[in-house]
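Worksheet: one structure, shown below.
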There are 2 protein chains.
Amino acid sequence: MDFEPLGLATDLVILTVRDGRLQVLLIRRGIPPYRGRWALPGGFVRPDEDLETTARRELAEETGLSAERIHLEQVATYGAPDRDPRGRVVSVAYLALVPDLPAPVAGSDAASASWVDATDVLDDSGRLAFDHHRILADGVERARAKLEYSPLATAFCPAEFTISELRGVYEAVWGLPLDPRNFHRKVTKTRDFVAPIGTTTTRDGGRPAQLFHRGTATTLHPPMTRG
Amino acid sequence: MDFEPLGLATDLVILTVRDGRLQVLLIRRGIPPYRGRWALPGGFVRPDEDLETTARRELAEETGLSAERIHLEQVATYGAPDRDPRGRVVSVAYLALVPDLPAPVAGSDAASASWVDATDVLDDSGRLAFDHHRILADGVERARAKLEYSPLATAFCPAEFTISELRGVYEAVWGLPLDPRNFHRKVTKTRDFVAPIGTTTTRDGGRPAQLFHRGTATTLHPPMTRG
DNA sequence: GCAAAAGTGTTCGGGATACACCCATGA
DNA sequence: TCATGGGTGTATCCCGAACACTTTTGC
């Protein structure tokens, strides 16, 4: 068994939708390398820790959420020999989708964390440390793609939501407007995408809207379509 | 920097279509652990070697093909602490799609390698060593999904192929029959999926069929549909 | 009443499906 | 001539896009 010196880490692309825009949680690095630069939250995998366990632990540390109910999925692994100036570090990237947090971002480890518009970061390929721009791009692309054929958009919503709130998620992630009428019909007619609760709300203004919670579907038939 | 003792490997899901069926390249392990059991080909990442470089090297060793023109993509990374009895080994899985090889499988390292029906292996979850059953399942699922929205099926074909040979790929991977007439129209009308060469062949019998090579498309609009 | 958002009805066009039918070769 | 697969035409159906219109609240 040849165990070369090697670090194993996970990095997190934590996305949310706030103010109608797709945002990503970034931290400002307090220590070298890339001190003072923005980066994705992440950390090393502990011995005997599963990769997803590491990711959930990091997620809980950064967001303050008990991460059990948060959607988390592996995106890809990055292992270019020179991607970290400290030595060989291979990083497994995870994508997390969280609802708009009522509480502010919790302490994290002294480094400052904040929500940043994902499109702004993607437009500036030099803003992030390491190869995190690429990781973010891959994570966002994954999220955009999965909205089409999975009910994942509900992961951005609180437990109870209206159809137009769900539409707001699609519009924010895809960055384009959708027809409210056709969207409403499509969502409510797709089997097990959402389930009506029976109560209504007027928090979005106008006529009271029905409240829904997630359905039981894992894939959407037929899929939602982008433009 | 905490560099715990850790092995980093790549495992390959190498798929082809032979005799109208989806087949996977397996090796019989000559050394413990799991000696004598079937497994996916794979090996450790060398220092200063990129992950994909490792995968291409392994692919070349196992198939004898200069792996440059072979489709290769990362699928997922598997890192359960107990997945390898020798110690902590994290494996990055890659999916390779190769045409039906005219040459037999090259020597590989003394272990015997052979093509096996993928569905047979998937039906017997205890046949493969380590967590390779799961890795194979994920790889095959990726291949099935990508045939829908990418021109990847051509990766299973030689440089020049007929539409019905391409259809054979879809039928083998998806495991269901497709209407030859509608398939023909769909493929030839989808922009840049395939490009006619101008010559014909009668190798499939019947009326001579036009030969095509891959088009320039990276995604299919509209996608091919399953069932 | 008026604005605003929810929700329904309807029309139109394109793609999927099913299948009839003709074409070009080998045997 | 027949068998075999290649390829085209066409009718039907469903779904997505577009949009007119009605409903139900707050102000």
Side-chain angles (χ1 to χ4, degrees), chain A residues 19-20 147-149 153 157 160-172 174 176-213 217 219-227, chain B residues 17 19-20 147-149 151 153 157 160-172 174 176-213 217 219-227:
Chain A
D19 307 325
L147 288 209
E148 292 191 3
Y149 57 89
C157 296
E160 301 183 356
F161 53 88
T162 67
I163 299 294
S164 75
E165 286 163 359
L166 185 64
R167 176 167 50 83
V169 169
Y170 276 89
E171 293 177 330
W174 287 348
L176 42 83
L178 299 173
D179 185 293
R181 289 97 36 126
N182 292 333
F183 183 87
H184 184 281
R185 195 180 358 239
K186 184 77 177 285
V187 168
T188 52
K189 288 218 191 304
T190 298
R191 273 184 64 94
D192 300 323
F193 188 1
V194 296
I197 288 179
T199 55
T200 60
T201 179
T202 57
R203 66 188 177 213
D204 298 324
R207 170 177 167 179
Q210 278 207 274
L211 283 168
F212 295 80
H213 53 64
T219 54
L220 263 29
H221 304 289
M224 306 297 289
T225 48
R226 255 193 272 201
Chain B
V17 172
D19 306 326
L147 287 209
E148 293 192 3
Y149 58 90
C157 296
E160 301 183 354
F161 53 88
T162 67
I163 299 294
S164 75
E165 286 162 359
L166 185 64
R167 177 168 48 84
V169 168
Y170 276 90
E171 293 177 328
W174 286 347
L176 41 83
L178 299 173
D179 184 293
R181 287 101 31 128
N182 292 332
F183 183 88
H184 184 282
R185 195 184 352 244
K186 183 77 177 287
V187 167
T188 52
K189 289 221 191 302
T190 299
R191 272 185 65 95
D192 299 323
F193 188 1
V194 296
I197 289 180
T199 54
T200 60
T201 180
T202 58
R203 65 189 177 213
D204 298 323
R207 168 177 166 179
Q210 277 207 275
L211 282 167
F212 295 81
H213 52 65
T219 53
L220 264 27
H221 303 289
M224 306 298 288
T225 47
R226 255 193 271 200

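First the proteins, then the strands, lettered A, B, ... as listed; each starts at 1.
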Nearest-0.5 Å distance that lies between atom OG1 in B:Thr225 and atom OH in B:Tyr149
15.5 Å

Contact between B:Leu166 and B:Tyr170 at the side-chain level, heavy atoms closer than 4.5 Å - yes or no?
yes

Enter the distance from A:Gln210:CD to A:Thr199:OG1 here, rounded to the nearest 0.5 Å.
8.5 Å

When you look at B:Glu165 and B:Phe212, which way does the side chain to side chain contact (heavy atoms under 4.5 Å, CB included) test go after all the steps?
CA-CA 10 Å; B:Glu165 286 162 359; B:Phe212 295 81; over 6 Å; no

A:Arg203 versus A:Leu211: any side-chain heavy-atom pair under 4.5 Å?
yes

Applying side chain to side chain contact (heavy atoms under 4.5 Å, CB included) to B:Val187 and B:Met224, what does each step give before you reach the verdict?
CA-CA 8 Å; B:Val187 167; B:Met224 306 298 288; 3.9 Å; yes

Tell me: CG of A:Asp179 to C1' of C:dA6, nearest whole Å?
13 Å

What residues in residues 197-210 of chain A put a non-hydrogen atom under 4.0 Å from any atom of DNA chain D?
A:Gly206, A:Arg207, A:Pro208

Could you list where the contact with chain A starts and ends along DNA chain D, reading 5' to 3', using a 4.0 Å heavy-atom cut-off?
D:dG16 to D:dT25

Is a donor on one side and an acceptor on the other found under 3.5 Å between the side chain of A:Glu171 and the backbone of A:Gly20?
no

One should read off an interatomic distance between A:His184 NE2 and A:Asp179 CG, to the nearest 0.5 angstrom, of 12.0 Å

Roughly how many Å is it from CD1 in B:Ile163 to P in C:dC23, rounded to a whole number?
21 Å

Starting from P on C:dA16, measure out to CG on B:Leu220 and report it in whole angstrom.
11 Å

Rounded to the nearest 0.5 Å, how far apart are NZ of B:Lys186 and CZ of B:Arg181?
16.0 Å

Classify the nucleic acid contact of B:Thr162 as base, sugar-phosphate or nothing, counting any heavy atom under 4.0 Å across all strands shown.
nothing

OG1/B:Thr188 to CD1/B:Ile163 distance, rounded to the nearest 0.5 angstrom?
6.0 Å

Could you check how far CD of B:Glu148 sits from C1' of C:dA16, rounded to whole Å?
14 Å

Does atom CZ of A:Arg191 have more than 12 heavy-atom neighbours, drawn from other residues, nucleotides or ligands, at distances under 6.0 Å?
no

Under 4.0 Å from any atom of DNA chain C, heavy atoms only: list the residues of residues 180-188 of chain B that qualify, in numerical order.
B:Arg181, B:Asn182, B:Arg185, B:Lys186

